[in-house]
Amino acid sequence: MIRVAAVGDVHLDEDVVGRFRPALERLPDHADALLLAGDLTRHGTAAEARCVAKEFGGLGVPVVAVLGNHDYHCDEVPAVVQVLEGAGITVLEGTGVVVDTVAGPLGVAGAKGFGGGFAGRCASAFGEPEMKAFVHTTQGIADRLAEALAGLAASIRVALTHYAPVPDTLVGEPPEIFPFLGSYLLGQAIDAAPPALAIHGHAHAGTERGTTPGGVRVRNVAHPVIKQAYSVYHLHGGSGTDDGTRSGHERTGHRT
Ligand SMILES: [Fe+2]
Ligand SMILES: [Fe+2]
């Protein structure tokens, strides 16, 4: 059994540094790895990434991240990734990694994801080139996520995205914006090589728990949803998953 902690949408900047760290200092007592589900910064600057590095670096457990749309805003993605990786945080984009935890190997396939919507209410690659490009972007990301998942040589695997793979975890958000919060194509990618758990963020007003059509448990760990420094999920071999203790209380609440 591996204990996986996860949080997303921490939106770090100078004024947020230190908010999560007290709870994170005790992380190894509660979890064997930490997953960060994107929107780690407010506007995606290298300076903000240094705040993330300060807050989430050197925790004593492997830390694996994907970026979110906020982390792309200032077009400094290479610098942001460099800063995070310099702090020992593995950043995935259509790629996978098997990290060695004290409880055994954990496979993580990660991608930011993108929008498009869900069955019956989704964009399709038809008409204008701009619409085709939008859908092809999501399809390409989903394809790479599926490949990364299938390629993980680990009995316990997790899919990590920023955008949502199912609508269940968006409940609470206005239905009109669901197509900008996720895509069924990500859910299909996850079901093609089903992991023990799928983690995402992005939907600040969403719901924590959902399930893919194929039965994979999905958890929206956006900080405004879980309202604590991290949630912990207990993963077993195969597809077994228990939601574990909710032990990551940070010192103060987080403004979204
Ligand atoms: Fe966010
Ligand atoms: Fe986001």
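Heavy atoms of other residues, nucleotides or ligands lying less than 6.0 angstrom from CD of Q82 number 12 at most. Other residues, nucleotides and ligands contribute at most 12 non-hydrogen atoms within 6.0 Å of the CZ atom of F180.
In terms of modelled atom types and a separation under 3.5 Å, the side chain of R219 and the main chain of Y233 share no donor-acceptor contact. Without hydrogens or angle criteria, T137 side chain to V135 main chain gives no donor-acceptor distance under 3.5 Å.
Using cut-offs of 30° and 60° for the angle between ring planes, the H70 and H11 rings count as perpendicular.
Checked against side chain to side chain contact (heavy atoms under 4.5 Å, CB included), N69 has the following partners two or more places apart in sequence or in another chain: D39, H162, Y163, H202.
Put simply, the side chain of D168 does not reach to within 4.5 Å of the side chain of V218, judged on heavy atoms. For the pair V216 and D191, the minimum side-chain heavy-atom distance is below 4.5 Å. A heavy-atom distance below 4.5 Å is found between the side chains of Y230 and L24. Between I190 and L145, some side-chain heavy-atom pair lies under the 4.5 Å cut-off. A 4.5 Å side-chain heavy-atom check between V64 and L92 finds at least one atom pair inside the cut-off. At a threshold of 4.5 Å between non-hydrogen side-chain atoms, the residues E48 and L12 do not count as touching.
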Show the atom names and distances, to 0.1 Å, of all donor-acceptor pairs under 3.5 Å that link a side chain in residues 98-107 to residues at least two apart or in another chain.
{"residue": "T101", "atom": "OG1", "partner": "A103", "partner atom": "N", "Å": "3.1"}
{"residue": "T101", "atom": "OG1", "partner": "G104", "partner atom": "N", "Å": "3.1"}
{"residue": "T101", "atom": "OG1", "partner": "G104", "partner atom": "O", "Å": "2.6"}

